[in-house]
Amino acid sequence: MEIMAEAICKEIELRKNELAEPVETIYFGGGTPSFMPVETVDKIIDAARSNFDIYQLTELTLEANPDDITLEKLTQWKKSGVNRLSIGVQSFFDNDLKWMNRAHNATEAENCIKLALAEGFEVSIDLIFGLPESNNAQWQQNLEKAIALGVHHLSCYGLTLEENTPWKKLIERGKYKRPDEISTAEQFENTMDFLGNNGWEHYEISNYCRPGYMAKHNTAYWQQKKYLGFGPAAHSFNGIERKWNIADNLAYMQSIEQGALPMEKEMLTPVNNVNEYLMTGLRTLWGVDLQKIKEMGFYNNEMQASIEKYLQQNMLKKEGSIVTLTDKGKVYADAIAGNLFVT
């Protein structure tokens, strides 16, 4: 772990000239950053401070597992400058957590949230719906519990069964039930209704917040702002090209030790740019601006016809030149974006 931290700090130094603007947000994500010693978190933040202008920083988020969170760590993270936690709760039901093979239990999940809030952190939690061993009533209780605890932000994800994962293999062997698509869609729709009725903003397909608590870091991704990613498999974007580090930990550390950046990159074509704008924009409450697509040279008769069809089906709505998804359309967001893509 120490060698990896040294490599990340070295990469930060090697790339100090890639960003001229002040850094507004920092996000420790991927893997389990809450498992790192606090001194390691400090070291990486110090490297950022030494090589970039982070004095306008407004949000410093650390992803954390409930079983890693202690009062001592919270106190030390606060001193390091961390002001926001993204906690991988997933569910407040022990049967769900056992099915997902999580290390924490429901009591730990609830207690760590109370502790983090008491220490003054802005708290976001992840919850997963569409679990084959769960039901609509349990999902509703998860949402009610999150609101009652006083969290500021919710990321609610439908269960995705990736290839070559234990979940998918066990389901294929008949050890577990398959996720029910109808139940998953119902839980997504119930989430929008329940949180909306409680005054929460649904500002991105999977993300909801109390007014004033949008995740600034993730919002930058969806609004296609520049960002730098450090560490194995981390991605970066400068508006023109996308870069990503190799995912192999050992190869990453060896390359950095030799002063070489272990990354690949691709230049974004005009078609890439418009399709990314459609994909990310439609996921958000800001939608996509058809005038911008016209200026990019891609608003043709085919796209216009598709948009008109979705407007008639009440899957899209239009105000001026801005097109956004309706709640009905959000259930089919990926398909709608895909159908609008330029090929």
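Because the structure is a prediction, the values reported are computed rather than measured. We count residues from 1, following the sequence as given.
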- Query: If you look only at pairs with a residue in residues 297-312, which of them pass as a side-chain hydrogen bond (donor to acceptor under 3.5 Å, both in side chains), with sequence neighbours excluded?
  - Reply: Tyr310-Asn339
- Message: Whether Lys43 and Glu6 form a salt bridge (side-chain N of Lys/Arg under 4.0 Å from carboxylate O of Asp/Glu) is what I want to check.
- Response: yes
- Query: So, the side chain of Thr70 versus the backbone of Lys73: is there a donor-acceptor pair under 3.5 Å, distance only?
  - Reply: yes
- Under 3.5 Å side-chain donor-acceptor pair for Ser155 and Asn207: yes
- Message: Rounded to the nearest 0.5 Å, what separates atom CG in Leu278 from atom CD1 in Ile336?
- Response: 12.0 Å
- Query: Any donor and acceptor pair, going by atom type alone, linking the side chain of Arg15 with main-chain N or O of Leu261 inside 3.5 Å?
  - Reply: no
- Item | Rounded distance [0.5 Å steps], CG in Leu14 versus OG in Ser255 | 9.0 Å
- Query: Partners of Lys145 by salt bridge (charged side-chain N to carboxylate O under 4.0 Å, His left out), sequence neighbours excluded?
  - Reply: Glu110
- Which atom of Thr324 lies closest to which atom of Gly287, heavy atoms considered: CG2-CA, 3.5 Å
- Query: Between Ala116 and Val123, what is the shortest heavy-atom contact and its length?
  - Reply: CB-CG2, 3.8 Å
- Message: Would Lys226 pass as a cation-pi partner of Phe237, given that its NZ or CZ must be under 6.0 Å from the six-membered ring centre and within 45 degrees of the axis?
- Response: no
- What is the minimum heavy-atom distance between Gly229 and Ala234, and which atoms define it? C-CB, 3.4 Å
- Query: Is there a donor-acceptor contact under 3.5 Å from the side chain of Asp126 to the main chain of Gln90?
  - Reply: no
- Query: Closest heavy-atom contact between Leu250 and Asp248?
  - Reply: N-OD1, 3.1 Å
- Under the ring pair (Phe, Tyr, Trp, His ring centres under 6.0 Å) test, residues paired with Tyr203 that sit two or more places apart: His153, Trp222
- Item | Point-to-point distance, once rounded to the nearest 0.5 Å, from NZ of Lys10 to CD of Gln258 | 12.0 Å
- Task: Grab the two heavy atoms, one from Leu316 and one from Leu311, that are nearest each other, plus how far apart they are.
- Result: O-CD2, 3.3 Å
- Message: Is it the case that over 12 heavy atoms from other parts of the model lie below 6.0 angstrom from the NZ atom of Lys328?
- Response: yes
- Task: For Leu159 and Tyr157, run side-chain contact (heavy atoms from CB on, under 4.5 Å): C-alpha distance rounded to whole Å, both residues' side-chain angles, the deciding distance at 0.1 Å, then the answer.
- Result: CA-CA 6 Å; Leu159 176 67; Tyr157 302 108; over 6 Å; no
- Query: Can a donor-acceptor pair be found between the side chains of Tyr213 and Glu201 at a distance below 3.5 Å?
  - Reply: no
- Query: Does any N or O in the side chain of Asp53 come within less than 3.5 Å of the main-chain N or O of Tyr55, such that one atom is a donor and the other an acceptor?
  - Reply: yes
- Query: Taking atom CD1 of Ile205 and atom SG of Cys156, what is their separation to the nearest 0.5 Å?
  - Reply: 12.0 Å
- Report the residues that fulfil side-chain contact (heavy atoms from CB on, under 4.5 Å) with Ala220, sequence neighbours left out, ordered by chain and then residue number. Lys225
- Query: Asn65 side chain to Asp67 main-chain N or O, any donor-acceptor pair under 3.5 Å?
  - Reply: no
- Task: Evaluate the criterion side-chain contact (heavy atoms from CB on, under 4.5 Å) for residue pair Ile44 and Cys9; output intermediate values, then yes/no.
- Result: CA-CA 6 Å; Ile44 295 171; Cys9 292; 4.1 Å; yes
- Give a yes or no on whether the ring-centroid distance for Tyr221 and Tyr227 is below 6.0 angstrom. yes
- Any donor-acceptor pair under 3.5 Å linking the side chain of Asn83 with the backbone of Thr58? yes
- Message: What I want to check is whether the side chains of Tyr27 and Glu59 have a donor and an acceptor closer together than 3.5 Å.
- Response: no
- Query: Would the number of heavy atoms belonging to other residues, nucleotides or ligands and lying under 6.0 Å from CD of Glu295 be above 12?
  - Reply: yes
- Item | Any donor-acceptor pair under 3.5 Å from Ser91 side chain to Asp96 backbone | no
- Short question: side chain of Asn135, backbone of Gln138 - any donor-acceptor pair under 3.5 Å? yes
- Is any side-chain N of the basic residue among Arg242 and Glu276 closer than 4.0 Å to the acidic one's carboxylate O? yes
- Message: What I want to find out is whether Arg283 reaches Glu204 closely enough, with some N-O distance under 4.0 Å, to be called a salt bridge.
- Response: yes
- Query: Who pairs with Glu13 by side-chain hydrogen bond (donor to acceptor under 3.5 Å, both in side chains), at least two apart in sequence or on another chain?
  - Reply: none
- Task: May I ask you to check whether over 12 heavy atoms, not counting those of Phe298, lie within 6.0 Å of atom CZ?
- Result: yes
- Quick one: CD on Glu119 to CG on Leu71, what's the gap to the nearest 0.5 Å? 5.0 Å
Distance-only criterion, 3.5 Å: show the donor-acceptor pairs between side-chain atoms of residues 187-197 and protein atoms not counting sequence neighbours.
{"from": "Gln187", "atom 1": "OE1", "to": "Gly130", "atom 2": "N", "distance (Å)": "2.9"}
{"from": "Gln187", "atom 1": "NE2", "to": "Asn136", "atom 2": "OD1", "distance (Å)": "3.0"}
{"from": "Gln187", "atom 1": "NE2", "to": "Ser183", "atom 2": "OG", "distance (Å)": "3.2"}
{"from": "Asn190", "atom 1": "ND2", "to": "Glu186", "atom 2": "O", "distance (Å)": "3.3"}
{"from": "Thr191", "atom 1": "OG1", "to": "Trp139", "atom 2": "NE1", "distance (Å)": "2.7"}
{"from": "Thr191", "atom 1": "OG1", "to": "Gln187", "atom 2": "O", "distance (Å)": "2.6"}
{"from": "Asn197", "atom 1": "ND2", "to": "Asp193", "atom 2": "O", "distance (Å)": "3.1"}

- Query: Is there a donor-acceptor pair closer than 3.5 Å between any side-chain N or O of His104 and the backbone N or O of Val89?
  - Reply: yes
- CG/Leu60 to CD1/Ile54 distance, rounded to the nearest 0.5 angstrom? 7.5 Å
- Using a cut-off of 6.0 Å, state whether more than 12 heavy atoms not belonging to Gln140 lie near its atom CD. yes
- Item | Atom of Ser124, atom of Arg84 and distance for their closest heavy-atom approach | CB-NH2, 3.5 Å
- If we only count heavy atoms from C-beta on, is the Met4 to Pro232 side-chain gap below 4.5 Å? yes
- Is any side-chain heavy atom of Lys78 closer than 4.5 Å to a side-chain heavy atom of Phe121? yes
- Give a yes or no on whether Glu266 atom CD has more than 12 heavy-atom contacts from other residues, nucleotides or ligands under 6.0 Å away. yes
- Please step through side-chain contact (heavy atoms from CB on, under 4.5 Å) for the pair Ser80 and Val38, ending with a clear verdict. CA-CA 8 Å; Ser80 301; Val38 176; 3.9 Å; yes
- Item | Polar side-chain atom of Asn245 near backbone of Gly231 as donor-acceptor pair, under 3.5 Å | yes
- Query: Any salt bridge between Glu18 and Lys243, counting N to O under 4.0 Å?
  - Reply: yes
- Item | Worked check of side-chain contact (heavy atoms from CB on, under 4.5 Å) between Phe92 and Leu149 | CA-CA 12 Å; Phe92 291 106; Leu149 286 169; 3.8 Å; yes
- Message: With a sphere of 6.0 Å drawn around CD1 of Ile3, does it hold more than 12 non-hydrogen atoms of other residues, nucleotides or ligands?
- Response: no
